[in-house]
Amino acid sequence: MPVSRFIDGNAAAAYGVKLCRPDVVCAYPITPQTPIVEYIADFIARGEMASKYITIEGEHSAMMATVAAASTGVRTFTATSSQGLAYMQEGLFYAAGSRLPIVMAVVNRSMGPPWTILAGHDDAIAQRDTGWIQLYCGSGQEILDTVIQAYRVAEDERVLIPIMVCFEGFVTSHCYEQVIIPDQEEVDSFLPPYKPPYKLDVEDPMILTTFAPPIHWMGYKKKHDEAMEAARKVIAEAEAEYAERFGRSHGGLFQAYRCDDAEAVVLTMGSLASTTKVVINKLRELGFRLGLLKLKSFRPFPREELKQLLGNVKAVGVLERNYSVGGWGGAVFLELRSAFYKVADGPRILNFVAGMGGRDVTPLEIEAVAKKTLRAAQEGKGEREVEWLLGEIG
Amino acid sequence: MAHLTIEELPSEEYYMPGNALCAGCGESLAMRLALKILGWRTIVITVPGCMSAALIMGASAVPLLVGPFASGGALLSGVETALEAKGVKDVNVVAFIGDGGTADIGLQALSAMVERGHNVIYICLDNEAYMNTGGQRSGATPLRAATTTTPGGRLFRGKLQPKKNIPLIMADHEAPYVATASIGFALDYMEKVKKAADIRGPKYIQVLCPCPVGWGYHESKTVELARLAVATRVWPLYEVEKGRLKITYEPRTPKPVREYLRAQRRFDHLTEEDLAELQKLVDEGWAELKLKARSAEE
């Protein structure tokens, strides 16, 4: 029988990993990811988890030892955050370029300086071009369910791309919630053992991470991009099957809430979606035709699906915890605008930069975001395209 | 232990000819000889360097994984742990990594791998500089050697610091087996590889691999240079097993260091004072080593 436990987001990730039975876990502690590393060590120490655990000495090595283990043909897990993720970057390219289905929890924390240990999506967004799938979660339950689905998607032969399961530091990682932990047998039947198509094997010797001459190099990247495209379908399929088996759905690529008849939609990722939902419900009661789109998959970016869903909306307010300095907007805003380029009567798209460095995003602020987006829908223009939610202090 | 003889060496080759490395490459010889001993049940790890340029293009007949420059120790750890998870116990996991990847950028990963005690063999192919990028100084470049970043000039005569002693650093990590070797003493080197394969835990072997291009000598002289380094006591051959240091080859009458130095263009700029300074350094190093060996005997 599935059990319900009152646990934090990090524990939800750890329980999800435990249910997936990775052969090798290799991670290095960093605030606010550290409890994941500790929970897994505890599971192993208590004999509840059979994984081999490499207590590695830093994130660069953490990613490369994980890459090496995955190259040897086993299921692997690692986890990091912020500065640690940046320190891994060279390895991120190795993992993705080698098409290894590694799953990594990324507990999002803004990049210093200025120094902080608090939430922000800027750490993972900075790694968007490393070729990883990025799935953003907003609750403990979503984290656990997404970890399980992530292995299924990453290991699918149509995909073979590593996945970051992202959730915000402290806001989600340290927030306690009731989380349903499914039965091991049910997870086993959803997630069969990993069968690597290629591996380091003395019986079948091959050179991995080989050299590619100019005539082949770009072809590898093209194939990688095609697999990323295929992942859109595979993520949706895995979500549908998971929902059927376990009775829970988090939307796959994204989750649309009250978007059907909405004039304007607030689009956001991760934990901000739950606060936004409350605000939308309140404003709906007052007669405002607003919807919420919780974007889960940033890579692959579901541009076709979003174009279809938001095609009839007059304005979209993108509320996000990252910003590309010098790029005039957050990454989600820029990509959404790019998706709607050449769509003649596409929605007006506004950007609200918020919640980086752990800055609180209040329901009142989100209410203002929703109302500004609605005004842009009704008047056909916004006050400002990119607005920073800095409150009174700034 | 019975010593290896040439007749006993396997005829199988796991390091393939026709690869990208230079004529007279010491590293090529080191990889070929080690793989002869380790055999086909071996997985090879490497990182950027001359050896990776060869291996990645197909010189390795056994499975090969190449990773980032700093990651040698981490790659060994990952492969070994994955094999352990799969219950595979009879596969050698060996790294061929240059002196830059060992003494400089990869030292953290190496140190941590040894500290964690992974059952692997780390072979440092020491040609005393970043030869793959054209010969820049590394931490393993010896005192006074000219490299492209430590040229022999009027003000600065080559590298200003002595060679970082990685074998003794590894011995202080309490690695169960640490050895130095020279491709000029092939059987001694291969015996050490064999010994390493039979010991559990992290093993470290640093093999001196002369480089005709970087050191400046004719490609036919590689083995000669590798022997001369030992005969002059510039590169002593020893092993450290469970903390006990044993010198494995002792030149009866050591040749003067000048003979070794004058055979290489990288030391062309040396003055008589420099030669005397280096002779003194080698003598002191040898005396210290003898002291360590003697205290191990007692």
Side-chain angles (χ1 to χ4, degrees), chain A residues 21-26 28 44 49-78 87-95 97-98 100 102 193-194 196 198-213, chain B residues 14 16 20 38-48 52-88 90-93 95 105-106 108-118 120:
Chain A
R21 305 179 189 268
D23 302 282
V24 175
V25 175
C26 174
Y28 185 74
I44 294 171
M49 199 172 162
S51 311
K52 299 286 172 199
Y53 192 3
I54 308 176
T55 47
I56 203 83
E57 83 286 357
E59 288 91 353
H60 188 276
S61 285
M63 183 43 65
M64 286 322 303
T66 305
V67 162
S71 298
T72 314
V74 301
R75 184 174 288 164
T76 57
F77 175 78
T78 186
Y87 188 31
M88 273 182 186
Q89 194 198 32
E90 186 182 22
L92 299 181
F93 281 100
Y94 260 88
S98 302
L100 297 166
I102 295 164
Y194 171 46
Y198 307 104
K199 61 178 187 291
L200 293 170
D201 182 0
V202 294
E203 307 285 348
D204 181 17
M206 59 180 77
I207 294 173
L208 300 184
T209 54
T210 187
F211 172 81
Chain B
Y14 303 97
M16 297 292 115
L38 296 171
W40 68 277
R41 294 193 70 79
T42 298
I43 292 174
V44 171
I45 302 293
T46 191
V47 302
S52 78
L55 294 168
I56 208 169
M57 304 280 267
S60 176
V62 293
L64 170 76
L65 180 68
V66 187
F69 212 174
S71 70
L75 296 174
L76 284 166
S77 306
V79 170
E80 183 252 10
T81 307
L83 290 177
E84 201 189 321
K86 291 204 278 193
V88 177
D90 61 343
V91 169
N92 299 305
V93 184
I105 193 169
Q108 170 187 310
L110 167 62
S111 167
M113 177 277 285
V114 174
E115 185 267 335
R116 287 191 300 269
H118 294 275
V120 300

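What you see below is based on every heavy atom in this structure, not just the backbone, and it leaves out hydrogens, waters and symmetry mates. All values derive from a computational prediction rather than experimental measurement. Lettering follows sequence order; numbering is per chain, from 1.
- Of the possible donor and acceptor atoms, one in the side chain of A:Thr209 sits under 3.5 Å from a partner among the backbone N and O of B:Val66.
- Of residues 88-95 of chain A, those residues lying under 4.5 Å from chain B by any heavy-atom pair are A:Glu90, A:Tyr94.
- A 4.5 Å side-chain heavy-atom check between A:Thr210 and B:Met57 finds every atom pair outside the cut-off.
- Contact between B:Ala82 and A:Val24 at its shortest, heavy atoms only, is CA-CG2, 3.9 Å.
- For the options B:Val44, B:Val88, B:Leu64, B:Thr42, heavy-atom pairs under 4.5 Å to chain A are most numerous at B:Leu64.
- The contact between A:Thr55 and chain B is made by backbone and side chain atoms together, counting heavy-atom distances below 4.5 Å.
- Taking both residues in full, the closest heavy atoms of A:Ala68 and B:Ala74 are given as CB-O, 4.5 Å, listed atom of the first, atom of the second, then distance.
- Across all non-hydrogen atoms, the minimal contact from A:His60 to B:Ala70 is CE1-CB, 3.9 Å.
- Judged by distance alone, the side chain of B:Lys86 and the main-chain N or O of A:Asp23 form no donor-acceptor pair under 3.5 Å.
- The two residues A:Pro205 and B:Ala61 come nearest to each other via the heavy atoms CB-O, 3.6 Å.
- Residue B:Leu76 does not touch chain A at all, counting heavy-atom pairs closer than 4.5 Å.
- B:Arg116 contributes atom CZ, which lies 5.0 Å from atom CD of A:Glu57 (distance to the nearest 0.5 angstrom).
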Test log, rule side chain to side chain contact (heavy atoms under 4.5 Å, CB included), inputs A:Glu203 and B:Arg41: CA-CA 8 Å; A:Glu203 307 285 348; B:Arg41 294 193 70 79; 3.0 Å; yes

Which is it for B:Leu83 and A:Thr72 under the side chain to side chain contact (heavy atoms under 4.5 Å, CB included) test, yes or no, and what are the steps along the way? CA-CA 7 Å; B:Leu83 290 177; A:Thr72 314; 3.7 Å; yes

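- Considering B:Leu65, B:Val47, B:Leu75 as possible partners of A:Met64, the one that fulfils the side chain to side chain contact (heavy atoms under 4.5 Å, CB included) test is B:Leu75.
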If you apply the rule side chain to side chain contact (heavy atoms under 4.5 Å, CB included), what do you find for A:Leu200 with B:Val79, and how did you get there? CA-CA 9 Å; A:Leu200 293 170; B:Val79 170; 3.8 Å; yes

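- Neither the backbone nor the side chain of B:Ser111 comes within contact range of chain A; no heavy atoms are under 4.5 Å apart.
- To the nearest 0.5 Å, atom CG of residue A:Leu208 and atom CD1 of residue B:Ile45 are 9.5 Å apart.
- Taking all atoms of both residues into account, the shortest heavy-atom contact from A:Lys52 to B:Ala85 is CG-CB, 3.7 Å.
- With a 4.5 Å cut-off on non-hydrogen atoms, A:Asp201 touches chain B through its backbone but not through its side chain.
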